[in-house]
Amino acid sequence: MLLLLLGIIVLHVAVLVLLFVSTIVSQWIVANGHTMDLWQNCSTSSLGSVRHCLLSSTNEWLQSVQATMILSIIFSVLSLFLFFYQLFTITKGGRFYLTGIFQILAGLCVMSAASIYTVRHTEWHVNNSDYSYGFTYILAWVAFPLALLSGFIYVILRKRD
């Protein structure tokens with residue numbers, strides 16, 4: 001049982017790390033010396049030594065992506081704290097429903113944010129074929145099924161002594 005709990009905690013912390021990195025790092029879209037994310041657009045000079053960053057646009061869709069990514073982090077952190085709280089307070093045989101629900105909500109928020117970004121990002125920058133999705137965009141999509149998986153594991157998990 002101890003190894004199962006440790007595995008669940010490691011999975012949950014991995015999801016949290018993926019969520020933090022995908023929200024903070026400026027690599028959602030990469031194109032010819034430009035990087036774009038949820039917060040800023042950065043470009044590197046032709047010499048490669050000077051980096052200029054501007055704040056992202058104030059489009060409503062981008063603000064909704066920012067908000068849902070932050071909500072996913074909040075739900076996941078709450079879920080982790082609730083897990084530790086429930087681990088010591090619920091009776092033997094009890095299930096971690098509340099913990100699982102918050103983690104599933106975190107996964108759904110990540111999915112919503114990445115989906116909105118996928119559909120609407122062409123309105124934000126010049127649409128050319130030179131861009132590609134960055135690693136943090138991919139990390140957001142990887143965090144989605146992992147958050148759902150850990151949420152379902154929490155719902156299924158029963159407390160044992």
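To the nearest 0.5 Å, the span separating OG1 on Thr91 from CD on Gln86 amounts to 11.0 Å. Rounding to the nearest 0.5 angstrom, the gap separating the CD1 atom in Ile104 from the CG atom in Leu149 is 10.0 Å. For the atom pair CD1 of Ile101 and CG of Leu78, the computed distance is 13.0 Å after rounding to the nearest 0.5 Å. Summarising the geometry, atom CZ belonging to Phe88 is positioned 9.0 Å from atom CZ belonging to Phe83; distances are rounded to the nearest 0.5 Å. Atoms CG and OG1, from Leu18 and Thr136 in turn, are 11.0 Å apart once rounded to the nearest 0.5 Å. Distance CD1/Ile8 to CG/Leu3: 11.0 Å, rounded to 0.5 Å.
The shortest non-hydrogen separation linking Ser150 to Leu11 is CB-CD2, 3.6 Å. Closest approach of Val155 and Arg95 over heavy atoms only: O-NH1, 3.3 Å. Smallest separation of non-hydrogen atoms from Ala143 and Val15: O-CG1, 4.4 Å. For the residue pair Leu5 and Leu157, the shortest heavy atom distance occurs at CD2-CD2, 4.1 Å. Nearest heavy-atom pair across Gly107 and Ala147 is CA-CB, 3.6 Å. Of all heavy-atom pairs spanning Phe96 and Arg158, the tightest one is CE1-C, 4.3 Å.
Proximity of Tyr137 to Gln27: side-chain heavy atoms (C-beta onward) are nowhere separated by under 4.5 Å. No side-chain heavy atom of Ser64 sits under 4.5 Å from any side-chain heavy atom of Glu60. Contact check for Ile74 versus Ile70: side-chain heavy atoms found under the 4.5 Å cut-off. The shortest side-chain heavy-atom distance between Tyr154 and His12 falls under the 4.5 Å cut-off. Residues Gln103 and Phe152 have side chains not in contact (no heavy-atom distance under 4.5 Å, counting atoms from C-beta outward). Counting heavy atoms from C-beta outward, Thr23 and Ile73 have side chains that approach closer than 4.5 Å. For the pair Met69/Cys109, no side-chain contact is recorded, criterion being any heavy-atom separation below 4.5 Å from C-beta on.
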Would you sort out whether Leu16 and Leu80 count as a side-chain contact (heavy atoms from CB on, under 4.5 Å), showing the intermediate values? CA-CA 9 Å; Leu16 266 174; Leu80 187 62; 3.9 Å; yes

Derivation of the side-chain contact (heavy atoms from CB on, under 4.5 Å) call for Phe20 and Ser76: CA-CA 10 Å; Phe20 273 112; Ser76 191; over 6 Å; no

For Thr118 and Tyr133, run side-chain contact (heavy atoms from CB on, under 4.5 Å): C-alpha distance rounded to whole Å, both residues' side-chain angles, the deciding distance at 0.1 Å, then the answer. CA-CA 9 Å; Thr118 302; Tyr133 292 109; 4.1 Å; yes

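Under the 4.5 Å side-chain heavy-atom criterion for Ile, Leu, Val, Met, Phe, Trp and Tyr, Val10 and Val13 are members of distinct hydrophobic clusters. Cluster membership check: Leu62 does not share its hydrophobic cluster with Val30, using side-chain heavy-atom separations under 4.5 Å among Ile, Leu, Val, Met, Phe, Trp and Tyr. If you chain together hydrophobic residues whose side chains sit under 4.5 Å apart, Ile138 and Val25 fall into the same group.
Residue Phe135 qualifies as enclosed at atom CZ: its count of foreign heavy atoms under 6.0 Å is above 12.
With hydrogens and angles ignored, the 3.5 Å screen pairs no side-chain donor or acceptor of Ser79 with any backbone N or O of Phe75.
Side-chain contact of Thr99 with Tyr85: a donor-acceptor pair under 3.5 Å is absent, judged by distance alone.
The ring of Trp28 has its center closer than 6.0 angstrom to the ring center of Tyr117.
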